[in-house]
Amino acid sequence: TTAVRHDDGKQDTNPSQATAVDASKGYYTTPALDDLDTDALAGVEDFTVGRKGYGSIRWLGFTDVRHLPVADLVDIVDNEVGVYCGEWESRKPPVGTALNKAAEVTLCGVWPGDRGVDSGPPKLPLTPAALQQQEKELRQYCKAQGAKFVSYDGTSGTWVFQVPHF
């Protein structure tokens, strides 16, 4: 069994336990953290945390996820993601390290009129003009937030953008 020693001298016999997410709420990671040993956790390429039906965050490049309480650090809800929120804000690591680095965010169910996954898709088919307006607003939002717009699929309500860090 592999053990991970923390700065406080305690050991984890299963290093991935510290990084587990709440599958009962639809969360998952790619790759599955329970399948990785300590060496693999030290450099996970394109590490992804997702929530079925809501979206995902894919950190670009290699990420050291050892000792990260991912379930506490990442929140994916209706039309929104959060990383290092609440009590974690003051303990956020330097930009470029841990989960405070460049990532691609995918949100599902982003519809005009602030409708989200929890509201479901619009009952009426969206007009091309409504979809163009929605994409325009999403592009403006990205620009204002310092993010890069990647795509918007009005058929599925899927919005993809990149952030330089969290």
Side-chain angles (χ1 to χ4, degrees), residues 4 12-38 40-93 97-126 131 134-135 137-138 141-142 145 147-166:
V4 175
D12 289 336
T13 55
N14 182 351
S16 62
Q17 284 181 335
T19 60
V21 293
D22 190 349
S24 70
K25 292 182 180 176
Y27 282 91
Y28 63 90
T29 63
T30 304
L33 296 174
D34 291 338
D35 296 341
L36 303 177
D37 64 18
T38 304
L41 289 170
V44 179
E45 186 171 12
D46 292 336
F47 176 61
T48 302
V49 175
R51 186 173 179 202
K52 293 177 181 136
Y54 289 87
S56 63
I57 305 170
R58 179 175 60 94
W59 283 270
L60 307 176
F62 290 91
T63 304
D64 182 350
V65 297
R66 295 174 297 170
H67 317 298
L68 291 179
V70 177
D72 295 332
L73 299 177
V74 178
D75 196 24
I76 303 172
V77 295
D78 200 11
N79 288 347
E80 185 177 320
V81 299
V83 181
Y84 296 110
C85 296
E87 67 182 69
W88 292 98
E89 180 73 29
S90 64
R91 298 188 287 180
K92 187 185 300 188
T97 62
L99 302 182
N100 192 15
K101 59 184 238 165
E104 183 171 270
V105 176
T106 300
L107 292 175
C108 303
V110 180
W111 307 107
D114 292 328
R115 296 182 61 88
V117 172
D118 294 339
S119 302
K123 304 247 185 280
L124 300 173
L126 297 170
L131 292 175
Q134 176 72 352
E135 182 173 322
E137 290 174 13
L138 295 174
Y141 181 83
C142 283
Q145 296 298 315
K148 177 185 175 192
F149 178 90
V150 175
S151 66
Y152 176 67
D153 180 345
T155 306
S156 66
T158 303
W159 175 30
V160 181
F161 57 96
Q162 292 181 346
V163 296
H165 63 85
F166 289 96

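Worth knowing before you read on, the calculation uses all heavy atoms, side chains too, and leaves out hydrogens, waters and symmetry mates.
Residue K148 places its NZ atom among 12 or fewer non-hydrogen atoms of other residues, nucleotides or ligands, all under 6.0 Å distant.
Side chains of V160 and V105 form no contact here, defined as non-hydrogen atoms less than 4.5 Å apart. Side-chain contact between V81 and V74 is absent, with no heavy atoms from C-beta onward closer than 4.5 Å. Under the 4.5 Å side-chain criterion, counting only non-hydrogen atoms from C-beta, Y152 is in contact with V110. Using a 4.5 Å heavy-atom cutoff, the side chains of V83 and N100 are not in contact.
Between the side chain of D153 and the main chain of T158, no donor-acceptor pair closer than 3.5 Å is present. At distances below 3.5 Å, not a single donor-acceptor pair connects side-chain atoms of K52 with backbone N or O atoms of Y27. Side-chain N or O atoms of W59 include none that pairs as donor or acceptor with a backbone N or O of A103 at under 3.5 Å.
Applying the ring pair (Phe, Tyr, Trp, His ring centres under 6.0 Å) rule to F161 yields the partners W159; only residues at least two apart in sequence or on another chain are considered.
Closest approach of Q134 and P112 over heavy atoms only: OE1-CA, 3.4 Å. For Y28 against R51, the heavy-atom pair with the smallest separation is CE2-N, 3.6 Å. Of all heavy-atom pairs spanning A147 and V163, the tightest one is CB-CG1, 4.1 Å. Among all heavy-atom pairs drawn from C85 and G82, the shortest one is SG-CA, 3.6 Å. The two residues P69 and W88 make their nearest non-hydrogen contact at CG-CH2, 3.7 Å. The nearest pair of heavy atoms linking F47 to V70 is CZ-CG2, 4.2 Å.
Side-chain atoms of D75 and Y84 form no donor-acceptor pair, as typed in the model, at a separation below 3.5 Å.
Of the candidates T48, L36, D46, P31 forms a side-chain contact (heavy atoms from CB on, under 4.5 Å) with just one, namely L36.
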Problem set entry | Working for side-chain contact (heavy atoms from CB on, under 4.5 Å), residues L126 and W111 | CA-CA 9 Å; L126 297 170; W111 307 107; 4.0 Å; yes

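For the atom pair CZ (F62) and CD (E45), the distance works out to 4.0 Å, reported to the nearest 0.5 Å. To the nearest 0.5 angstrom, D64 atom CG is 9.5 Å from K101 atom NZ. Between the OG1 atom in T106 and the CD1 atom in I57 there is a gap of 9.5 Å [rounded to 0.5 Å]. Interatomic distance, CZ of R58 versus CD of Q162, reported as 7.5 Å (0.5 Å rounding).
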